[in-house]
Amino acid sequence: MARRSASESAETVELRRDERGLALVGGGMELLGDFTRMLPRLRTDRLGRELLVRAARVRGAEEPTAIDCTAGLGEDSLLLAAAGFRVTLFERDETICALLADAMERAANEPQLKDIVERMTLVGGDSIAGLAELGFAPDVVYLDPMFPGRTKSAAVKKKFQLLHHLEQPCEEENELVAAALAASPRKVVIKRPAKGPQLAGIKPSYSISGKAVRYDVLVPPRQTEG
């Protein structure tokens with residue numbers, strides 16, 4: 001059983017395993033990675049309308065590749081994998097990485113998820129260093145970093161408050177975007193709140209917006225995607 005203390009709270013969260021899998025518990029809340037709840041969004045008639053899938057779409061690649069630099073519980077990566085991407089997920093927090101690994105392992109035993117999860121590879125570690133060591137140019141680099149203020153947002157679901165005991169707001173915006181662009185992708189996709197600031201103050205090539213979220217897309221000048 002791993003135990004972590006919140007940086008700004010006396011409350012303690014811990015990992016517990018039972019017959020359902022590995023869960024993060026604390027403060028009367030529980031968080032269990034569960035990809036099966038994503039199944040309705042993975043249906044063919046819905047997947048193509050997902051804003052992330054639209055933002056990440058690339059032309060002419062039989063099996064496009066994506067790097068999720070801030071994997072969290074992996075739900076965005078699952079959407080990309082379901083859309084045909086081969087996804088490498090980076091998660092540097094050991095506790096969150098353990099939750100994600102457990103969720104992926106259980107999903108691999110689900111007939112409806114097995115083929116999707118096989119296109120996902122989890123790497124525990126820092127994505128800024130990992131991007132420099134890829135050895136190939138991915139089609140898409142995806143960023144969804146926390147930022148100051150997000151932890152207090154009323155839009156954050158109660159159970160995900162547990163993750164905020166572990167994650168810290170992004171303090172490496174410039175380094176993260178620079179590493180993403182240095183990996184020579186066809187595009188960098190950045191998840192933002194609908195009215196949130198641009199990451200590192202960089203103006204996107206274009207954006208795809210919904211009511212609660214916005215995807216800013218950076219396309220290197222030599223490319224014509226979008």
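Along the sequence shown, residues carry numbers from 1. All of these numbers come straight from a predicted model, not from anything done at the bench. All values below come from the heavy atoms of this structure, side chains included, with hydrogens, waters and symmetry mates left out.
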**Student:** Do you know the tightest heavy-atom contact between A180 and V141?
**Tutor:**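 For A180 and V141, the tightest heavy-atom pair comes out as CB-CG1, 3.6 Å.
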**Student:** State the CD-OG distance between E172 and S127, to the nearest 0.5 angstrom.
**Tutor:**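 Taking CD in E172 and OG in S127, the distance rounds to 8.5 Å.
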**Student:** Closer than 4.0 angstrom, basic N to acidic O: yes or no for E30 and R20?
**Tutor:**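 Yes, charged N to carboxylate O under 4.0 Å.
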**Student:** Kindly indicate, with the supporting measurements, whether the criterion salt bridge (charged side-chain N to carboxylate O under 4.0 Å, His left out) is fulfilled by R16 and D18.
**Tutor:** CA-CA 7 Å; R16 293 179 186 171; D18 59 24; over 6 Å; no
**Student:** Compare every heavy atom of V177 with every heavy atom of A200, then report the nearest pair and how far apart it is.
**Tutor:**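 Scanning both residues completely, I find the closest heavy atoms to be CB-CG2, 4.1 Å.
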**Student:** Considering residues at least two apart in sequence or located in another chain, which fulfil the side chain to side chain donor-acceptor pair (under 3.5 Å) criterion with D45?
**Tutor:**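 Here the qualifying residues are R43.
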**Student:** Look up atom CG in L52 and atom CG in L79, then write down how far apart they are to the nearest 0.5 Å.
**Tutor:**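 If I round to the nearest 0.5 Å, the distance is 6.0 Å.
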**Student:** Can you tell me how far the OG1 atom of T88 sits from the CZ atom of F85, to the nearest 0.5 Å?
**Tutor:**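 One finds 12.5 Å between OG1 of T88 and CZ of F85.
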**Student:** May I ask you to say whether K114 pairs ionically with E118, meaning some side-chain N is under 4.0 Å from a carboxylate O?
**Tutor:**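 Salt bridge between K114 and E118, a charged N being under 4.0 Å from a carboxylate O: yes.
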**Student:** Distance only, no hydrogens: is a donor on one side chain within 3.5 Å (strictly under) of an acceptor on the other, for S77 and D68?
**Tutor:**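 Result is yes, a qualifying pair exists.
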**Student:** Grab the two heavy atoms, one from A83 and one from V53, that are nearest each other, plus how far apart they are.
**Tutor:**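 Smallest heavy-atom distance, with atoms named: CB-CG1, 3.9 Å.
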**Student:** Step by step, would you call E105 with V117 a side-chain contact (heavy atoms from CB on, under 4.5 Å)?
**Tutor:** CA-CA 9 Å; E105 182 177 348; V117 175; over 6 Å; no
**Student:** Less than 4.5 Å apart, any side-chain heavy atom of E91 and any of V123?
**Tutor:**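 In short, these two side chains do not touch, never coming nearer than 4.5 Å.
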**Student:** Run the side-chain contact (heavy atoms from CB on, under 4.5 Å) check on M104 and M120 step by step: do they pass?
**Tutor:** CA-CA 8 Å; M104 290 175 61; M120 299 167 63; 3.8 Å; yes
**Student:** What distance do R192 atom CZ and Q198 atom CD have between them, rounded to the nearest 0.5 Å?
**Tutor:**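 Rounded to the nearest 0.5 Å, the CZ-CD separation comes to 9.5 Å.
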**Student:** Show the numbers, then the answer: is there a salt bridge (charged side-chain N to carboxylate O under 4.0 Å, His left out) between D115 and R119?
**Tutor:** CA-CA 7 Å; D115 291 343; R119 292 194 289 273; over 6 Å; no
**Student:** Holding to salt bridge (Lys or Arg N to Asp or Glu O under 4.0 Å), I want the full list of residues that pass it with D76, two or more places apart in sequence or in another chain.
**Tutor:**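 Result, salt bridge (Lys or Arg N to Asp or Glu O under 4.0 Å) vs D76: K191.
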**Student:** Quick one: do the Y206 and K187 side chains pair a donor with an acceptor below 3.5 Å?
**Tutor:**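 Per modelled atom types, Y206 and K187 side chains form a pair under 3.5 Å.
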**Student:** Search all heavy atoms of F35 against all heavy atoms of A103 and return the closest pair with its distance.
**Tutor:**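 What the structure gives for the nearest pair is CD1-O, 4.1 Å.
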**Student:** Nearest heavy-atom pair of A81 and V87: which atoms, and what distance?
**Tutor:**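 In terms of heavy atoms, the two residues are closest at N-CG2, 3.9 Å.
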**Student:** Report the distance from atom CG of N174 to atom CD1 of I202, rounding to the nearest 0.5 Å.
**Tutor:**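 So the gap between those two atoms works out to 7.0 Å.
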**Student:** State the CG-CG distance between L89 and L78, to the nearest 0.5 angstrom.
**Tutor:**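 Interatomic distance, L89 CG to L78 CG, rounded to 0.5 Å: 9.5 Å.
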**Student:** Looking at V189 and V140, what are the two nearest heavy atoms and their distance?
**Tutor:**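 Looking at all heavy atoms of both residues, the closest pair is CG2-CG1, 4.0 Å.
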